[in-house]
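Both counts, for ligands and for their atoms, begin at 1 and track the order of listing.
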Amino acid sequence: MDTIEIHEGGCSCGVVRYQTTGKPERVGVCHCRYCQTRTGSAFGISVYLKNVNIQKTQRNLNKYQFETESGRSFTQEFCPVCATTLFWTLEVFDGITAVAVGSFDPPSFWYDIAREVFCRTNAAWINNDIDEKHDTHPNYEPIAADRDALRI
Ligand SMILES: [Zn+2]
Ligand SMILES: [Zn+2]
């Protein structure tokens, strides 16, 4: 019988802790402008797990919800004390939540990266050997033109 993987993590200040069970549904590097502005970095990495496989120790995370140019909601959840964004959910992915990879306790980078999305806005110096790359996203169906802030 396989051992079920358990990983733990938390925010910068330690108020929010979580535990994940099992393997991710998917792991992707995302170069979209939402991930860049959310993280303040060049890209986001999402470890998508089923909601039932994520146990949070602090239920009252602050939330910020907005609508993307595809007309669907994007909700970020962050620590009420230190504002570390730990989770996000996309309307398009029902029943699963993305965990912010840098928040996992060591070994923080325990998963394989399956693909890269929104490469159209990647930083020019990004260079890696991930095979599957998408200019936008396989599920991307914009209903409005991209705002200026979504371009680089
Ligand atoms: Zn915190
Ligand atoms: Zn993104």
Quiz item: Rounded to 10 degrees, what angle sits at the Zn ion (ligand 1) between C13 SG and C79 SG?
Solution: 110°
Practice problem: For the pair T84 (side chain) and S12 (backbone), establish whether a donor and an acceptor sit closer than 3.5 Å, ignoring hydrogens and angles. | Solution: yes
Exercise. For this output row, return yes or no: ring centroids of Y64 and F74 closer than 6.0 angstrom.
Key: no
Quiz prompt | Pair F93 and Y48, ring centroids less than 6.0 Å apart | solution = yes
Quiz item: Is it true that E67 and R72 make a salt bridge, defined as a side-chain N closer than 4.0 Å to a carboxylate O?
Solution: no
Quiz prompt | C32 atom SG and C30 atom SG as seen from the Zn ion (ligand 2), angle to 10 degrees | solution = 110°
Practice problem: Please note down the angle at the Zn ion (ligand 1) between SG of C82 and SG of C11, to the nearest 10°. | Solution: 110°
